[in-house]
> 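One structure coming up, written as structure tokens, with questions to follow.
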Amino acid sequence: MGCAGFTCSKNSLCALNILYVMVSLLMIGIAAWGKCFGLVSSFQVVGGIIGIGVFLFFVALAGLIGAMKHHQVLLFFYMIILFLVFVVQFAVSSACLAINEKQQNHLLEVGWNNSLTTQRDVEKSLNCCGFSHMDVNGSCAAPCFHYSTCTTCAAKIQEHAGEVLRFVGGIGLFFSFTEILGVWLTYRYRNQKDPRANPSAFL
């Protein structure tokens with residue numbers, strides 16, 4: 001029974017970390033693909049997504065190695081980092097789900113004003129000009145600008161912003177619960193004796 005419980009915890013922890021490795025590689029791949037095909041021109045956005053992907057990859061790798069070798073120190077630091085990630089992700093996901101329309105519009109406008117590259121990306125992809133008003137004497141990356149048929153980007157962004165925030169918040173909450181599951185599995189597995197090892201070596 002001890003062996004079965006130990007093996008079950010080990011396999012569950014390994015499977016969870018393999019999932020995290022796959023998610024991290026997917027994030028890195030999507031960010032690189034978006035940059036290569038010109039879907040996103042902002043280095044900050046691409047760099048941020050790749051940075052999060054790399055961080056998740058190394059955390060998952062540490063958890064995977066710790067689980068395979070039953071390494072006490074690695075498992076301890078993995079458990080602490082995963083718990084901190086859970087707290088941050090749970091807070092951000094809850095904020096995404098709880099944000100109202102007025103706060104949403106304010107955040108969108110702040111984000112719009114902070115990055116010219118993001119403005120060009122949005123104008124080009126959504127075929128719109130300006131956030132809440134269009135400057136006919138200015139420049140715009142949208143094709144409609146040459147024909148003076150553009151609408152403002154705020155209206156188009158707001159159509160999808162609520163859905164995106166709910167989707168991101170929901171996905172974030174789902175993964176935050178897998179993280180707390182990972183913390184519990186790590187704690188349980190770390191305190192189990194490896195039946196194949198020398199009992200006196202477990203401290």
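Atom set for the values below is all heavy atoms of this structure, side chains included, hydrogens, waters and symmetry mates excluded. Because the structure is predicted, anything quoted here is derived from the model rather than measured.
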> With sequence neighbours excluded, what pairs up with C140 under the disulfide (SG to SG under 2.5 Å) test?
C129

> Which value, rounded to the nearest 0.5 Å, describes the distance between T7 atom OG1 and K10 atom NZ?
7.5 Å

> Establish whether V88 and V85 are linked, either directly or via other cluster members, by ILVMFWY side-chain heavy-atom contacts under 4.5 Å.
no

> Got a list of side-chain donor-acceptor pairs under 3.5 Å for residues 91-99, not counting sequence neighbours?
from, atom 1, to, atom 2, distance (Å)
S93, OG, Q89, O, 2.8
S93, OG, L173, N, 3.4
S94, OG, F90, O, 2.8

> Is there side-chain contact between L16 and Y20, with heavy atoms separated by less than 4.5 Å?
yes

> Looking at every heavy atom in both L13 and A67, which two are closest together, and how far apart are they?
CD2-CB, 3.9 Å

> Between atom OG of S24 and atom CD1 of I50, what is the distance when rounded to the nearest 0.5 Å?
12.0 Å

> With a cut-off of 3.5 Å and sequence neighbours excluded, list every side-chain donor-acceptor pair involving residues 73-84.
from, atom 1, to, atom 2, distance (Å)
Y78, OH, N17, OD1, 2.8
Y78, OH, N17, ND2, 3.3

> How many angstroms lie between CZ in F86 and CZ in F177, if you round to the nearest 0.5 Å?
6.5 Å

> Go through the steps to decide whether V54 and F58 satisfy the test side chain to side chain contact (heavy atoms under 4.5 Å, CB included), and finish with yes or no.
CA-CA 6 Å; V54 170; F58 281 113; 3.4 Å; yes

> Would the distance check show the side chain of H70 and the main-chain N or O of Y189 forming a donor-acceptor pair, the cut-off being under 3.5 Å?
yes

> Is there side-chain contact between M27 and I52, with at least one heavy-atom pair below 4.5 Å?
yes

> Report the residues that fulfil side-chain contact (heavy atoms from CB on, under 4.5 Å) with L25, sequence neighbours left out, ordered by chain and then residue number.
V21, F57

> Applying side-chain contact (heavy atoms from CB on, under 4.5 Å), name anything that partners S12, two or more places apart in sequence or on another chain.
C8, L185

> Can you check whether I171 reaches F174 side chain to side chain, under 4.5 Å on heavy atoms?
no

> Who are the side-chain contact (heavy atoms from CB on, under 4.5 Å) partners of I18, not counting sequence neighbours?
M22, L64

